[in-house]
Amino acid sequence: MAIGNLPNAADIIGTGVPRIDGSLKTSGTARYALDHDLPRLVHAVAVQSTIGHGRIRSLDATKAEKMPGVLLVLHHGNMSDAYRLVSEQSAGRTNEARPPFADDKIAYWGQFIAAVVAETLEQANAAADAIAITYDADDPDVEYDLSNFDGPRPSSWLRGDPDKALAEAPVVVDETYSTPVETHNPMEMHGTVADWDGENLTLYESSQGVVNHRNVMAAVLGIPRENVRVISRFIGSGFGGKLFPWPQSTIAAAASIKLQRPVKMSVDRRMMFSNVGHRPHTQQRIRLGANKDGKLTAIRHDFFSQTSINDDFVEHCGEQTPFLYSCPNLVVTTGMVRRNVGAPAPMRGPGAVPGLFALESAMDELAIKLNMDPVELRLMNDSERDEGTNKPFSSRHLKECYTTGAEKIGWKKRTPEVGSMRRDGKVIGWGVAGASWAAARVPCTASVELCQNGRVCVRCATQDIGTGTYTIFAQVAHAETGVPLDRIDVFLGDTGLPEGPTSGGSMVTSAILPAATDASKTAVKRMLQIAATTPGSPFHGAKAEHLELTAGLIRTTSQSPVQGVALEKGEFTPTRETMQGIPFAEILRIADLSGVSATGRTHPSFEDENARKYSLHSYGCHFAEVEWEPEMARLRVSRIFSVFDCGRIINTKAGTNQILGAAVMGVGMALFEQTHYEPQRGQPINGNFADYLVTTCADLPDLNVTFLDYPDLIVNEYGARGIGEIGMAGVAPAITSAVYHATGVRVRSLPIRIEDLLQSKVLSA
Ligand code: MOS
């Protein structure tokens with residue numbers, strides 16, 4: 001690839017470098033967790049509860065235990081010695097607070113109640129079916145309406161007097177919006193291969209955070225951290241569902257320890273809907289008060305978020321509300337409502353995505369009430385300062401996102417009347433919504449080694465969940481050493497490497513840049529020192545600061561002493577050879593060193609006094625176009641223009657991919673995705689890809705992504721902020737607002753259904 005020969009290696013930052021791991025994935029050579037078929041491997045299969053609430057009255061495994069190949073059956077009667085409870089403060093975060101098989105209680109349909117381990121997968125499956133279970137069943141509570149709730153309603157972000165301001169406001173919007181349970185459906189499902197050798201435990205996982213996973217599992221199993229290694233070299237994505245360990249990891253590890261053999265346990269697609277997290281259902285009442293000219297005077301955001309029986313999980317829908325708009329009177333309140341469902345988990349843009357569906361839908365409704373353009377309304381209420389924390393923004397260009405997006409779609413041509421825009425025999429509708437997501441610089445260490453074989457090795461125990469982290473590291477190493485990308489090896493996803501961050505919160509890129517840069521610079525400095533001090537080196541006797549490493553070659557710089565003068569003083573004299581450059585590998589050979597390495601560190605923004613003075617967030621917006629054919633009730637999202645202010649973009653290709661993928665998930669949220677719980681047993685009845693609809697290629701609109709590319713130097717020296725989650729925020733409300741514009745139907749409860757659209761009074765195109 002020509003990139004390696006760029007005149008200035010630093011120019012690689014900000015270009016669209018293809019994934020360095022791309023060919024490993026497309027050729028099937030990348031090994032995922034469950035690809036690790038170790039010698040003597042045995043298989044664990046889960047037995048799931050067929051009731052949604054109650055107790056296990058009896059569990060009889062005697063028949064199963066006698067079946068061919070069966071080695072072990074784990075259940076609440078024999079599991080308790082295998083694990084300990086962990087606290088988040090001392091160990092790390094798990095998804096389910098209750099350890100697997102802790103007691104006879106059933107809190108949700110599909111809960112793992114036993115696991116069978118056998119020589120083959122078929123034997124384990126057959127034995128799992130032979131376990132006889134009886135229950136004392138209670139009615140599960142999977143009631144959809146969350147408002148019938150009398151638990152605590154903590155409030156936050158209170159400023160001014162929102163109730164008084166609402167009572168006095170000449171224009172008020174007061175509506176309730178709801179988003180359903182959505183299930184994470186990455187291509188690669190969860191799974192563990194656990195390998196206990198009598199002293200050390202190795203876990204091959206599909207994890208967004210190997211370091212947290214190691215720390216939690218060490219604590220759960222009572223093994224020193226030093227004896228646990230977690231490996232996730234390739235991950236078929238996670239979207240938040242793989243941030244923290246799930247029970248299959250504990251079960252596989254406990255079985256491996258008991259049997260002294262490697263154990264594989266996988267979570268199948270159906271289990272993805274019950275056992276390993278989901279974005280919880282939310283119900284949000286938004287009240288907006290405004291003057292007749294459109295200036296916001298009050299915002300009340302009262303939301304309920306559903307959680308499981310055992311886990312305190314809140315989908316923080318109000319996180320963006322305090323700073324997105326300027327408004328003197330504001331409050332957010334929360335209600336955590338328990339249902340008999342599995343533990344929720346963060347899912348791409350947790351809080352912001354459902355929260356902004358509600359807030360941005362309400363803003364569109366306010367614009368209509370005011371007879372104002374929805375872009376105008378947002379520009380007029382834009383905030384100069386974070387009024388929630390009373391801090392200045394590090395860098396906010398949301399207004400420019402709106403004006404750029406409006407330009408791209410041709411917003412000036414929009415006529416606001418419902419059903420007034422037509423094209424090619426279809427009614428079209430245009431809608432817009434804003435997006436925001438927090439930025440931070442989380443701690444990270446990474447090492448860079450210049451090796452005697454002429455290659456550069458970069459090492460960090462973060463992981464690439466499919467977003468391009470391998471490539472970002474390689475870009476930095478190339479920028480700092482000039483070594484071509486095909487001679488840079490990046491090692492990630494292994495707790496044996498220097499400690500790196502969890503791939504969560506869209507914070508990895510901004511975290512790894514300082515550490516990787518620091519490590520590269522120090523390694524280069526050490527290399528030059530070796531060149532200058534090693535007897536026999538052509539640079540021997542030179543001052544290290546007069547040497548440089550470019551394109552992988554060490555050479556004398558123009559600052560080196562001029563030949564004649566130096567000779568007189570008996571100093572080092574540059575030669576034609578040292579001016580042209582000598583491969584660093586050559587110097588390492590002369591010095592008889594295998595390599596020279598250095599570790600770099602990223603200091604977190606929360607410990608940085610300057611960064612703490614600012615409100616750190618990314619911003620953006622989506623303009624969506626829908627096509628509505630009333631004669632056949634056919635709705636399509638036809639175009640989305642996304643404009644994002646995420647700081648400086650390090651890799652335009654990977655960055656654009658993030659927003660494209662997020663927009664696709666946003667289309668799914670608007671039109672298709674909902675996990676349905678059947679009321680008698682609480683079973684997710686559409687827990688498969690035939691019944692749970694996701695966006696397919698046939699559903700895809702034309703997608704168009706623009707980055708404003710303003711560096712945010714408060715976050716790090718590259719100016720890069722996060723980019724993964726924000727792209728999903730704002731998609732659904734832009735689409736429902738476009739649907740309103742086309743059909744006159746306001747959908748406040750996602751996903752949009754044909755039944756909703758049949759209410760439209762726009763009867764022909
Ligand atoms: Mo993200 S929901 O922190 O993977």
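Remember, it's 1-based here, ligands and their atoms both numbered in the order they're listed. We use all heavy atoms of the structure for the numbers below, so side chains are in, but hydrogens, waters and symmetry mates are not. Because the structure is predicted, anything quoted here is derived from the model rather than measured.
Each of the following atoms of ligand 1 lies closer than 4.0 Å to a heavy atom of G504: 3 (O). Heavy-atom proximity to P346, at under 4.0 Å, picks out these atoms of ligand 1: 2 (S). Listed by atom number, the atoms of ligand 1 under 4.0 Å from F239 heavy atoms are 2 (S), 4 (O). Remark: ligand 1 atoms within the under-4.0 Å shell around heavy atoms of L243 are 3 (O), 4 (O). For ligand 1 and G240, the ligand atoms under 4.0 Å from any heavy atom of the residue are 2 (S), 4 (O).
Using a 3.5 Å distance cut-off with no hydrogens or angles, the side chains of S206 and K242 do pair a donor with an acceptor. For the residue pair N716 and S510, no side-chain donor N or O sits within less than 3.5 Å of a side-chain acceptor on the partner. Between the side chains of T282 and E315, no donor N or O sits under 3.5 Å from an acceptor N or O. Under the 3.5 Å distance criterion, with hydrogens and angles disregarded, no donor-acceptor pair is assigned to the side chains of E205 and S232.
For ligand 1, none of its N or O atoms has an N or O atom of R348 under 3.5 Å away.
Contacts between P350 and ligand 1 below 4.0 angstrom, taking non-hydrogen atoms only, involve the side chain exclusively. When heavy-atom distances to ligand 1 are checked against a 4.0 Å cut-off, I465 has no atom that comes that close, whether in backbone or side chain. Residue contacts with ligand 1, taken as heavy atom pairs separated by less than 4.0 Å, involve M347 solely via the backbone atoms N, CA, C and O.
Note that SG of C444 and CG of L513 are 9.5 Å apart. Values are rounded to the nearest 0.5 Å. Remark: R285 CZ to S178 OG distance equals 15.0 Å, nearest 0.5 Å.
Contact analysis leaves G238 out of contact with ligand 1, as no non-hydrogen atom separation drops below 4.0 angstrom.
The aromatic rings of F149 and F304 lie perpendicular to each other, with more than 60° between the two planes, well past the 30° mark. Ring geometry, F323 versus Y619: the interplanar angle exceeds 60°, so the pair is classed perpendicular (tilted spans 30 to 60°).
Among all protein heavy atoms, the one lying closest to atom 3 (O) of ligand 1 is G505 N, 2.6 Å. Closest to atom 1 (Mo) of ligand 1, if we only count protein heavy atoms, is E725 OE2, 2.7 Å. Ranking protein heavy atoms by distance to atom 4 (O) of ligand 1, first place goes to Q208 NE2, 2.9 Å.
Counting non-hydrogen atoms of neighbouring residues, nucleotides and ligands closer than 6.0 angstrom, the CZ atom of R98 exceeds 12 such neighbours.
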